[in-house]
Amino acid sequence: MHPLRPPQQHEEIAAYLRDEIFAGRIPAGEPLPSEADLCKQFNSSRGPVRQALSTLRAEGLISAGRGRRSLVLSNTRTESFEEILSNTAWITNMGKAPGQVLEFFGRAPLPEPAADALRVARDTQAVLVRRTRTADGAPLLCESLYFHPSLEEELATLDPARDSIHRHLSTCGISCNNLSRRLNVRAATAAQAEALRIAAGTPVIQVQMTVFDHAGQPVEFAVQTYRADTLTIGLHNVRGHASPLWFEIDS
């Protein structure tokens with residue numbers, strides 16, 4: 001759900017059922033409320049209810065139903081788009097207090113991967129936010145956020161120590177609608193090791209993320225480096241739906 005617009009009814013219903021599942025109030029193997037009960041509870045027609053159930057099926061949380069009430073398949077939580085986009089939202093939804101150590105905010109030349117992802121010439125100047133993110137005061141990841149050069153004016157009024165970056169962009173009319181992530185395992189550099197309080201050379205999980213607007217234009221390129229000992233990665237797969245996870249062998 002977008003952080004600034006009211007949720008649509010099918011999103012409200014899906015969020016309610018998700019919370020019931022994750023909290024264990026509807027355990028794995030138990031049926032969901034009937035469509036009729038959900039329609040009554042949310043004063044809804046069957047359309048939004050069925051759209052909500054379809055969302056949960058695509059996430060791998062519930063069975064297909066096929067003429068009977070859907071069963072809960074798993075109570076393992078899934079990530080919302082907002083949690084993927086914003087580490088603040090993700091850390092908060094993990095039940096921890098988000099924090100940051102801001103290391104740099106300003107214009108800087110784009111490194112090659114960022115320039116290529118943002119579709120601009122290499123060494124173009126653009127806004128960079130570099131910081132270490134914490135959860136309950138403990139370092140969790142280092143992130144470098146590179147923004148498209150066309151957004152320099154919108155970001156000029158940003159206070160990264162206080163403001164939510166993506167909420168700020170949204171108030172400026174910049175809507176983040178799609179993203180793509182690439183995960184690799186790397187050895188921590190000296191700077192990353194110091195920030196994350198680990199030994200240099202320790203394996204870390206590096207995520208490169210490109211964020212696009214509704215028109216498919218790149219908005220942001222992020223490099224996020226996580227402590228591997230604090231992170232578990234999981235994925236639900238459903239027959240008939242393409243998996244968002246892929247593997248390839250580096251040459």
Exceeds 12 heavy-atom contacts within 6.0 angstrom, atom CG of N43:
no
Nearest-0.5 Å distance, CZ of residue F147 to CG of residue L110:
11.5 Å
Minimal heavy-atom distance between A228 and P203, with the atoms involved, is CB-O, 3.5 Å
Salt-bridge test for R18 and E59: reply yes if a basic N is under 4.0 Å from a carboxylate O, no otherwise.
yes
List the steps and the verdict of side-chain contact (heavy atoms from CB on, under 4.5 Å) for I174 and H168.
CA-CA 9 Å; I174 309 301; H168 177 84; over 6 Å; no
Applying side-chain contact (heavy atoms from CB on, under 4.5 Å) to I198 and R227, what does each step give before you reach the verdict?
CA-CA 8 Å; I198 56 178; R227 284 186 55 150; 3.7 Å; yes
Determine whether I13 and S44 make a side-chain contact, defined as any pair of heavy atoms from C-beta on separated by less than 4.5 Å.
yes
Would you give the length of the straight line joining atom CZ of R69 to atom CD of E30, rounded to the nearest 0.5 angstrom?
9.5 Å
Spatial distance of atom CD (E194) from atom SG (C142) [nearest 0.5 Å]:
10.0 Å
Between S70 and R57, a side-chain donor and acceptor under 3.5 Å
yes
Determine, for E103 against R130, whether the closest basic-nitrogen to carboxylate-oxygen distance falls under 4.0 angstrom.
no
Are V120 and L128 linked, directly or through other ILVMFWY residues, by side chains that come within less than 4.5 angstrom of each other?
yes
Quick one: are D213 and N177 in side-chain contact, heavy atoms under 4.5 Å?
no
Starting at CG of L17, measure out to CG of L61 and round the result to the nearest 0.5 Å.
10.0 Å
Ignoring hydrogens, what is the shortest heavy-atom contact between A115 and A121? Give both atom names and the distance.
CB-O, 3.8 Å
Q100 versus R131, side-chain donor and acceptor atoms under 3.5 Å
yes
So that I know where these two stand, are Y16 and F42 an aromatic pair - ring centroids less than 6.0 Å apart?
yes
Under 4.5 Å between any side-chain heavy atoms of L102 and V129, yes or no?
yes
For L71, is there any backbone N or O sitting under 3.5 Å from a side-chain donor or acceptor partner on S63?
yes
Return the CG to CD distance between L145 and Q224, rounded to the nearest 0.5 Å.
7.0 Å
Please check if the side chain of T230 supplies one atom and the backbone of Y226 the other of a donor-acceptor pair under 3.5 Å.
no
With the 4.5 Å side-chain cut-off for hydrophobic clustering, are L118 and F104 part of the same group?
yes
In this structure, are over 12 heavy atoms from other groups packed under 6.0 Å from R25 atom CZ?
yes
Report the C-alpha distance between L38 and E35 in whole Å, list the side-chain angles of each, state the deciding distance to 0.1 Å, and finish with yes or no for side-chain contact (heavy atoms from CB on, under 4.5 Å).
CA-CA 5 Å; L38 289 170; E35 287 186 9; 5.8 Å; no
Looking only at heavy atoms, what is the nearest atom pair of A190 and A200, with distance?
CA-CB, 4.4 Å
Between R107 and E152, is there a side-chain heavy-atom distance shorter than 4.5 Å?
yes
Looking at A52 and A14, what are the two nearest heavy atoms and their distance?
CB-N, 3.6 Å
Please give me the minimum heavy-atom distance between P98 and R133, naming the atom from each residue.
CB-NH2, 4.3 Å
Does Y146 belong to the same Ile/Leu/Val/Met/Phe/Trp/Tyr cluster as L151, with side-chain heavy atoms less than 4.5 Å apart forming each link?
no
Pairwise side-chain contact, I205 with L141, heavy-atom cut-off 4.5 Å (strictly under)
no
Where do S86 and H166 land on the side-chain hydrogen bond (donor to acceptor under 3.5 Å, both in side chains) test, with the steps shown first?
CA-CA 7 Å; S86 165; H166 298 102; 5.0 Å; no
Short question: side chain of D163, backbone of D159 - any donor-acceptor pair under 3.5 Å?
yes
In the single-linkage hydrophobic clustering (I, L, V, M, F, W, Y; side-chain heavy atoms under 4.5 Å), do V207 and I165 co-cluster?
no
If you compare all heavy atoms of L179 against all heavy atoms of M209, which two are closest, and at what distance to 0.1 Å?
CD2-SD, 4.0 Å
Before you tell me yes or no, could you show the steps for N178 and H214 under side-chain contact (heavy atoms from CB on, under 4.5 Å), namely the whole-Å CA-CA distance, both residues' side-chain angles and the distance that decides it to 0.1 Å?
CA-CA 7 Å; N178 303 280; H214 281 278; over 6 Å; no
Would you say the side chain of V185 lies within less than 4.5 Å of the side chain of V204, judging by non-hydrogen atoms?
no
By side-chain hydrogen bond (donor to acceptor under 3.5 Å, both in side chains), which residues pair with D116, not counting sequence neighbours?
R122
L196 side chain near L140 side chain, heavy-atom distance below 4.5 Å
no
Can you tell me how far OG1 of T88 sits from CG of N93, rounded to the nearest 0.5 angstrom?
11.0 Å
Hydrophobic cluster membership, with links at side-chain heavy-atom distances under 4.5 Å among I/L/V/M/F/W/Y: are I21 and L73 in one?
no
Heavy-atom side-chain contact between F221 and Q208 under 4.5 Å:
yes
